[in-house]
Amino acid sequence: MPEPPILFEPEDQFLIRQQKLEEIRRLGYDPYPRHFDASHTVPEIVQQFSPASAQTLETEKRRVRVAGRIRSIRFHGKTGFADLHAGPARLQAYFRRDRLGEQAYRLFELLDLGDIIGAEGTLGRTKTGELTLFVEQLTLLAKALLPLPEKWHGLAGIEQRYRQRYLDLIVNQGVREIFQTRARLIRFLRDFLEARGFLEVETPMMQPIAGGAAARPFRTHHNALDLDLYLRIAPELYLKRLVVGGLDRVYEINRNFRNEGLSVRNNPEFTMLEFYQAYADYRALMDLSEEMLTGLVETLTGSKQLTYQDQVVDFSRWQRLSLREAVCEYWLAGKAPRPADLAQAEKARRLAAEHDRWAVNHPDQARLASVPHSASAAVASQQLFEAVVERRLFQPTLIYDFPTEISPLAKRRDDDPALAERFEIFAGGLELGNAFSELNDPLEQYQRFRQQLQQRERGDEEAHQMDQDYVRALAYGLPPTAGEGIGIDRLTMLLTNTRSIREVILFPLLRPLRPEGSGPAEPGTQ
RNA sequence: GAGCCCGUAGCUCAGCCGGUAGAGCAUCUGCCUUUUAAGCAGAGGGUCCUGGGUUCGAGUCCCAGCGGGCUCACCA
């Protein structure tokens, strides 16, 4: 039984274009040739010859060979215009039957929007003054069998933009720029860290114990070793092992995987910069973070201010607040409490209840803290912070001194062991980063893991797993070290003024259209 | 997981109080040797997401499902 031919929607256009493909072959042209030697790219031509006057071009008769995708064709009887797009640039090409000859002009007539062609000819200007390639030789480089999206509105369906990102990139101006910004951002961070003696490393993505953060992991399995593995939720514990090994300044920019819900701010795989600096504490990283992020914004935008979601975010002015101070400063429900009130469990819980009573009547301004009756001061203040403050941190802000009990890998403060030497970075209402002085006392780390295990037994799936080998590494001596993680995707959102993390990830996770293995297309009808 | 909104031609969308399925672009045919959202004349293209229900009659109303978006929850 012969295989049915593959058939894509829209069927009529797919079939019509295949008929054209056959005619092109009958004319003796290869619709998918091997190569094309261009003399210039389209952007080069546009850049180089845009200033040239019609007269200059007329006398120079500059010959070029150039390739691009056809995005517009305007037939005019025995002539026609086509717009060649390559990269961000567009070049108009003019075709005449009397210049090309019968056969090549027939090839031109068989072209469709989306075809990729090479053209050779001389540059000039039309009577409207537009820089135009007057084509003498036409080469088909790839026949497109499916039509591009409509030219006015382009591809606006969000779902299709993500599912067929290649169409999004062809049609929508600006998508390319988002990913160029993303690349420049990563390059800046690499340069910044390399200049300060950090070494880039790669650590396992598949880990027998998913450590370094509180999150549900993805599971996988290695057959030969019959070994269950997790996709990493963070590289933290491996990077600190490297610091034990004497790599005093290390960083990694790579993917983390967290088996959690999708949202405008969350994708299950996301890119994190994580770096560790020996002989530094979290205060040193506060300075470094401000310098790094301000430098990033200035390098990429030319200014220390940027606009995010219609608000100016000013990186020339950072504020630093303790978590408790922030709750008091941003307090909404009547008279603001004092930071000391949040240090006491009973008072903190009462404040949370007070906030919730207010928030119920102002659902557009704040979320509920929903603090359980048994909550510690730490948990209550943390949840109050998220309810009252977090989304309103639009200006660049460092929030420090998080509760120790939710920071199992961070060093305690000397003067207040309930607080950890930890801070988070906020801007544009986004949580961008998290940093702390690393706990390097192996015995205390062991005890902290034990506490996490107890929480796990009480049903907290995100409590940290015991990692004895990590404790052993600490037992060989980790110097005083501070470490930081920065979410690259969210940072890109901030710098590209995008609301959804899916705009800055080329292929964000979507539910597949069909069950796996059923093939990419509708089967043929017979 | 919950709430709200959406699903109509390849694309972007309209479709009123339930009464013959629409537009622009794209496609096809013809004309057109400097156009550029080219133009002119004509043509084809629909499982109105799916399945039930109400009704003489459903794109429209009701229920369920599927898919998507947004918000919330989760994400220390």
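In what follows, chains carry the letters A, B, and so on, assigned in the order in which the sequence lines appear, proteins first and then strands, with residues in each chain numbered from 1. Side-chain atoms are counted along with the backbone in the values below, which use heavy atoms only and exclude waters and symmetry mates.
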Roughly how many Å is it from [atom1] in [X] to [atom2] in [N], rounded to a whole number?
X	N	atom1	atom2	value
A:Ile73	B:U34	CD1	P	18 Å
A:Glu23	B:C28	CD	P	12 Å
A:Arg74	B:C25	CZ	C1'	15 Å
A:Asp112	B:C11	CG	C1'	16 Å
A:Gln18	B:C28	CD	C1'	17 Å
A:Glu260	B:A73	CD	C1'	12 Å
A:Tyr162	B:G69	OH	C1'	10 Å
A:Arg490	B:C75	CZ	P	13 Å

Just so I know, are the side chains of [X] and [Y] near enough to count as touching, which here means a heavy-atom distance under 4.5 Å?
X	Y	value
A:Arg96	A:Leu100	no
A:Arg71	A:Ile170	yes
A:Phe270	A:Arg258	yes

side-chain hydrogen bond (donor to acceptor under 3.5 Å, both in side chains) involving A:Asp310 - partner list, sequence neighbours excluded: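 Applying side-chain hydrogen bond (donor to acceptor under 3.5 Å, both in side chains) to A:Asp310 gives none.
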Just to verify, what does A:Asp83 make a side-chain hydrogen bond (donor to acceptor under 3.5 Å, both in side chains) with, not counting sequence neighbours?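 If we apply the side-chain hydrogen bond (donor to acceptor under 3.5 Å, both in side chains) test to A:Asp83, skipping adjacent residues, the hits are A:Arg74, A:Arg90.
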Reckon [X] touches a base, only the sugar-phosphate, or nothing at all at heavy-atom distances under 4.0 Å?
X	result
A:Pro403	nothing
A:Val379	nothing
A:Ala214	base
A:Gln13	base
A:Tyr105	nothing
A:Phe75	base

Rounded to whole angstrom, note down the [atom1] distance from [N] over to [M].
N	M	atom1	value
B:C48	B:G10	C1'	16 Å
B:C74	B:U12	P	35 Å
B:U71	B:C75	C1'	16 Å
B:G59	B:U8	P	15 Å
B:G7	B:G51	C1'	16 Å
B:G57	B:G18	P	16 Å
B:U60	B:U20	C1'	15 Å
B:A9	B:C49	C1'	15 Å

Taking any strand in view, what nucleotide pairs with [N] in a Watson-Crick or G-U wobble way, both distances under 3.5 Å?
N	result
B:U27	B:A43
B:A2	B:U71
B:G19	B:C56
B:A37	none

With sequence neighbours excluded, what pairs up with [X] under the salt bridge (Lys or Arg N to Asp or Glu O under 4.0 Å) test?
X	result
A:Glu421	none
A:Glu390	none
A:Arg106	A:Glu23, A:Glu109

Tell me every residue that passes ring pair (Phe, Tyr, Trp, His ring centres under 6.0 Å) with [X], counting only those two or more places apart in sequence or in another chain.
X	value
A:Phe14	A:Phe8
A:Phe95	A:Phe108
A:Phe275	A:Phe198
A:Tyr282	none

Can you tell me which nucleotide in B:U33, B:G44, B:G69 comes closest to the side chain of A:Asp12?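 Per side-chain heavy atoms of A:Asp12, the pick is B:G44.
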Compare the minimum distances between each of B:C70, B:U34, B:C28 and the side chain of A:Val264, then state the nucleotide with the smallest one.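 For A:Val264, the side-chain atoms sit closest to B:C70.
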Under 4.0 Å from OP1 or OP2 of B:C28: is there any side-chain N or O of A:Lys20 that close?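 So the side chain of A:Lys20 is within the cut-off, an N or O lying under 4.0 Å from OP1 or OP2 of B:C28.
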May I ask you to evaluate whether A:Arg391 reaches the phosphate of B:C72, defined as a side-chain N or O under 4.0 Å from OP1 or OP2?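 Answer is yes, contact under 4.0 Å.
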Contact residues, residues 89-99 of chain A to RNA chain B [heavy atom, < 4.0 Å]: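 The answer is A:Arg90, A:Gln92, A:Tyr94, A:Arg96, A:Asp98.
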So if I take residues 121-130 of chain A and measure heavy-atom distances to RNA chain B, which residues fall below 4.0 Å?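 Close to the strand are A:Thr126, A:Lys127, A:Thr128, A:Glu130.
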N-glycosidic conformation, B:C4 - syn within 90 degrees of 0, else anti: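 What B:C4 shows is an anti base, its glycosidic angle lying more than 90° from 0.
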Does CZ in A:Arg219 sit with more than 12 non-hydrogen atoms of other residues, nucleotides or ligands closer than 6.0 Å?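 It does not: A:Arg219 CZ has 12 such atoms or fewer within range.
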Looking at A:Gln55, I'd like to know if its CD atom is crowded, meaning that more than 12 non-hydrogen atoms belonging to other residues, nucleotides or ligands lie closer than 6.0 Å.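 No, CD of A:Gln55 has 12 or fewer neighbouring heavy atoms, counting only those of other groups under 6.0 Å.
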On RNA chain B, does the nearest nucleotide to A:Asn434 precede the nearest nucleotide to A:Ser500 from the 5' side, or the other way round? Give the residue.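 Going by which nucleotide is closer to the 5' end, it is A:Ser500.
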Any protein N or O atoms within reach of nucleotides 1-3 of chain B? Criterion: under 3.5 Å, listing atom names and distances.
none

Decide whether A:Gln451 and A:Gln447 meet the rule of one side-chain donor and one side-chain acceptor closer than 3.5 Å.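 Side chains of A:Gln451 and A:Gln447: no pair found under 3.5 Å.
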